[in-house]
Number of protein chains: 2
Amino acid sequence: MHRHEGHDACRTAAPDMVARAEAICRERGLQFTPLRREVLEAVAGSGKAQGAYDIAERLSAPGKRVAPVSVYRALDFLMEQGLVHRIASRNAFIPCGHDHAPGEGVIFLICRTCGGVDEASSADVEGGLERTLERAGFTPTHSILEVEGDCGACRERDHAP
Amino acid sequence: MHRHEGHDACRTAAPDMVARAEAICRERGLQFTPLRREVLEAVAGSGKAQGAYDIAERLSAPGKRVAPVSVYRALDFLMEQGLVHRIASRNAFIPCGHDHAPGEGVIFLICRTCGGVDEASSADVEGGLERTLERAGFTPTHSILEVEGDCGACRERDHAP
DNA sequence: CCAGCGGTGATACACTGTAACAAACCCGCG
DNA sequence: CGCGGGTTTGTTACAGTGTATCACCGCTGG
Ligand SMILES: [Zn+2]
Ligand SMILES: [Zn+2]
Ligand SMILES: [Zn+2]
Ligand SMILES: [Zn+2]
């Protein structure tokens, strides 16, 4: 199981994220194009979950417009490679520096104050969910678990200013 | 914990849903207006999760148009009263005939074949999640857990045609 | 009566995501 | 080298989702 002390403790820096992505793509025979690189940098460069249009705007400069549809395509690619996650409750995306096992359940901890998103996982939760689905006669293909609340850093900051 | 044998076993029929909603609103001193009633009927009338625009279209007739914004307002009200749930991964809504305890976690089982959505809950999952959040130093305010897959009925039907 | 309040209608708009087609690019093969 | 086919990107258009704003209506309490 992962342990996370806070948002920053486990967050891979953007350059590391890019280097890792480059290695993964080379290893899998896929193209890590400039656009995909820039999108990953944009996602990783902010501490919070980014919307596709935010990314498009951030990558656009006077004279060089990046259309949202291009961002979506790059994000689809990055998600297939496990390099970014989509946060369904926010319609937003975060980078992922983990090496998730196939089928591993991920818990997203979304701070409503700072907007940061942390990842966790728990064998307890996964086991309990598996048993519950079994009892319900339901065969899962995919599940999402997202928790909104306050991260430790924000709670402390607000509690002892 | 709830037990669910299949989609239909636990689904309250639309008329019952409306009667219950009416009672709840009267008890709470709130207005169960015709629009809110029609929206609840529309949500409850189909076996699958309904989008707001689907509902608006269903309620509209030649000469009497129901705008999506009205549907959203009614859905907001019904969600506040715990009469419908929003399925974040589908941008859709389902009726709820349960009497959820405040803070009770709900697991949505979404069948990718028939589109039906079942509810379940599990003390195991909730306990495990609580411990995981505690360890992560995260104070939750709200969580969503949605599982996509095949319900028992669909799996059987596809397995033995 | 009148002011206030909640609900509804109507319009406009922002945000999210996809379809379709063309142009550019890459890479192996004759 | 030039060609052909797959992949990536640009561009436009559009569908779907959700919110803001203002006006109107109907009720209720003073
Ligand atoms: Zn991850
Ligand atoms: Zn925080
Ligand atoms: Zn429910
Ligand atoms: Zn089904």
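Just so it is clear: chains get the letters A, B, ... in the order the sequence lines come, proteins before strands, and each one is counted from 1.
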Self-check item: Under 4.0 Å protein heavy-atom contacts per nucleotide of nucleotides 24-29 of chain C, with B for base, S for backbone only and - for none
Solution: ------
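- The salt bridge (Lys or Arg N to Asp or Glu O under 4.0 Å) check on B:R26 picks up nothing, with sequence neighbours excluded.
- You'll find the side chain of B:C96 stays beyond 4.5 Å of the side chain of B:V84, heavy atoms only.
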I'd like a table of donor-acceptor pairs (distance under 3.5 Å, sequence neighbours excluded) in which one partner is a side-chain atom from residues 62-73 of chain B, with atom names and distances.
| from | atom 1 | to | atom 2 | distance (Å) |
| --- | --- | --- | --- | --- |
| B:K64 | NZ | B:E38 | OE1 | 3.1 |

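- A search for salt bridge (Lys or Arg N to Asp or Glu O under 4.0 Å) contacts involving A:E126 returns nothing, not counting sequence neighbours.
- For B:R58, the salt bridge (Lys or Arg N to Asp or Glu O under 4.0 Å) test picks out no residue, with sequence neighbours left out.
- Put simply, the side chain of B:R90 never gets that close to the backbone of B:G51: no donor and acceptor are under 3.5 Å apart.
- As rounded to whole Å, 16 Å separates atom P of C:dG7 from atom CD of B:E38.
- Residues that satisfy the side-chain contact (heavy atoms from CB on, under 4.5 Å) test with B:I24, not counting sequence neighbours, are B:R20, B:R28, B:L83.
- Of the possible polar contacts, one joining the A:T141 side chain to the B:E148 backbone as a donor-acceptor pair under 3.5 Å is found.
- Residues meeting the salt bridge (Lys or Arg N to Asp or Glu O under 4.0 Å) test with A:E22, sequence neighbours left out: A:R37.
- In 5' to 3' order, the nucleotides of DNA chain D bounding all contacts with chain A (an atom under 4.0 Å from a heavy atom) are D:dT7 to D:dT12.
- Heavy-atom distances under 4.0 Å link DNA chain D to B:Y72, B:R73, B:R86 of residues 70-90 of chain B, given in residue order.
- Take A:F108 and apply the ring pair (Phe, Tyr, Trp, His ring centres under 6.0 Å) test, not counting sequence neighbours, and it matches A:H85.
- Qualifying side-chain contact (heavy atoms from CB on, under 4.5 Å) partners for B:Q31, counting only residues two or more places apart in sequence or in other chains: B:T33, B:R36.
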Show me the protein contacts with nucleotides 11-14 of chain C, counting only N or O atoms at under 3.5 Å.
none

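- For B:E146 and B:S89, the side-chain atoms include at least one donor-acceptor pair closer than 3.5 Å.
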